[in-house]
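What follows is a short report on a single structure.
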Amino acid sequence: MSDIVLSMKGVEKVFGAFRALGPVDLDLRAGERLGIIGPNGSGKTTLINCITGVYRPDKGSVHFEGRDISHIEAHRRARLGISRSFQIPRPFTGMTVLENLLVPLDYCHVDGSREERARSVLSNVGLAGRVSDLSESLSQLELRKLELARALVGNPKVLIADEAMAGLSEEEIDEVLAILLALNRSGVAVIMIEHIMHAVMRFSERIVCFETGRLIASGTSTEIAENPLVQKVYFGE
Ligand code: ADP
Ligand code: MG
């Protein structure tokens, strides 16, 4: 049991009379690569918001490394080691790529120099050659890389990538996949929320599928592809 890093039990989130999520039970193992799929509006981002502390669940609990974090604030969850990248990157404009990383580093504990840490993370995501350029000069792919770097700068144990590849070309998708695989090899557990099915299938050791806020299937890529409930959700009957 001790290799479970993140554990959700009976997590529910309602907006008014609308139940956007749950109840959901879901565990993540240390160092695991977990894919989350599901149609638009199925509650994927709401789940992430409950994990990261944007929302407090209305029912149920979220445990991180054995500790109940359901009611602690988002910035403290980030400090514990839960980080997420956003679907739509919003870098600080008028700042260089390096400066964009120095801002979140103000809120992180780092051994050694902040600038060295920032440069090293930027190099890991393939932005070493862009450190001095303004963020508004970045391509769509580079913006995604910067968003990942921002999420990684505090050295998280869990990274949640919310649609980090949407709108990218096949080659660009391969680049982002390579970054996430290398990160995972360094020991970081990764939750990949993604609509690009071949990417999430290549990446994930396990995939769970959501529909209308509920977890309807869980298994390997092959099991998920062959699951009748998943097929029904994606392709109709
Ligand atoms: P997904 O990420 O799977 O596309 P979301 O988690 O964003 O889905 O949304 C799940 C459902 O909850 C949707 O019907 C969405 O409209 C609703 N929802 C999400 N956030 C809010 C909110 N802050 N207020 C009201 N409804 C919301
Ligand atoms: Mg979403």
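Please read these numbers as outputs of a predicted model, since none were measured by experiment. Start at 1 and go down the list; that is how both ligands and their atoms are numbered.
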Quick one: look up the protein heavy atom nearest [atom] and list residue, atom name and how far away it is.
{"atom": "atom 12 (O) of ligand 1", "value": "Ala20 CB, 3.2 Å"}
{"atom": "atom 23 (N) of ligand 1", "value": "Tyr55 OH, 3.1 Å"}
{"atom": "atom 26 (N) of ligand 1", "value": "Phe15 CD1, 3.4 Å"}
{"atom": "atom 7 (O) of ligand 1", "value": "Thr45 CB, 3.8 Å"}
{"atom": "atom 6 (O) of ligand 1", "value": "Thr46 OG1, 2.6 Å"}

Q) What pairs meet the salt bridge (Lys or Arg N to Asp or Glu O under 4.0 Å) rule with one or both residues in residues 201-221, with sequence neighbours excluded? A) Glu32-Arg206, Asp174-Arg202
(Q) Quick check against the 3.5 Å criterion: does Arg117 have a side-chain atom that pairs as donor or acceptor with the backbone of Val153? (A) yes
Q: Check whether any side-chain N or O of Glu99 sits under 3.5 Å from a backbone N or O of Thr96 as a donor-acceptor pair, and report yes or no.
A: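 Answer holds: yes.
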(Q) the Mg ion (ligand 2) and Asn40: any N/O/S contact shorter than 2.8 Å? (A) no
Q: Report yes or no: does Ser42 have a heavy atom closer than 4.0 Å to ligand 1?
A: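 Checking ligand 1 against Ser42, which is what was asked, there is a heavy-atom contact under 4.0 Å.
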Q.
Check contact between Gly213 and ligand 1, using heavy atoms of the residue and a distance below 4.0 angstrom.
A.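 So Gly213 does not count as touching ligand 1.
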Q: Decide whether Ser7 and Asp27 meet the rule of one side-chain donor and one side-chain acceptor closer than 3.5 Å.
A: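 Note: Ser7 and Asp27 side chains meet the donor-acceptor criterion.
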(Q) Quick check on the hydrophobic clustering: are Leu101 and Val103 connected, directly or via other members, by side-chain heavy-atom contacts under 4.5 Å? (A) no
Q.
Checking the N or O distance criterion of under 3.5 Å, is ligand 1 in contact with Gly41?
A.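 It does: an N or O of Gly41 is found under 3.5 Å from an N or O of ligand 1.
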Q.
Evaluate Phe18 for polar contact with ligand 1, using N/O atom pairs at a separation under 3.5 Å.
A.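 Checking ligand 1 against Phe18, no N or O pair falls under 3.5 Å apart.
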Q | Which of the ligand 1 atoms, numbered from 1, are nearer than 4.0 Å to a heavy atom of Asn40 | A |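 Those atoms are 4 (O).
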Q: Find all atoms of ligand 1 within a distance of less than 4.0 Å from any non-hydrogen atom belonging to Pro39, and give their numbers and elements.
A: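 Here the atoms of ligand 1 in question are 3 (O).
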Q. Which distance, rounded to the nearest 0.5 Å, do you find between the OG of Ser85 and the CD of Glu163?
A. 10.0 Å
Q. Is it true that atom CG of Asp111 has more than 12 heavy atoms of other residues, nucleotides or ligands lying nearer than 6.0 Å?
A.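 12 or below, so no.
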(Q) Strictly inside 4.0 angstrom of atom 18 (N) of ligand 1, do you find any protein heavy atom? (A) yes
Q) Does atom 10 (C) of ligand 1 have a protein heavy-atom neighbour under 4.0 Å away? A)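 It does: a protein heavy atom is found less than 4.0 Å away from atom 10 (C) of ligand 1.
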Q. Relative to Phe86, does Arg84 satisfy both conditions: NZ or CZ under 6.0 angstrom from the six-membered ring centre, and within 45 degrees of the ring's axis?
A. yes
Q: Please report the C-alpha distance between Asp106 and Arg114 in whole Å, then the side-chain angles of each, then the deciding distance to 0.1 Å, and finally whether the salt bridge (charged side-chain N to carboxylate O under 4.0 Å, His left out) criterion is met.
A: CA-CA 8 Å; Asp106 268 343; Arg114 287 160 65 237; 2.8 Å; yes
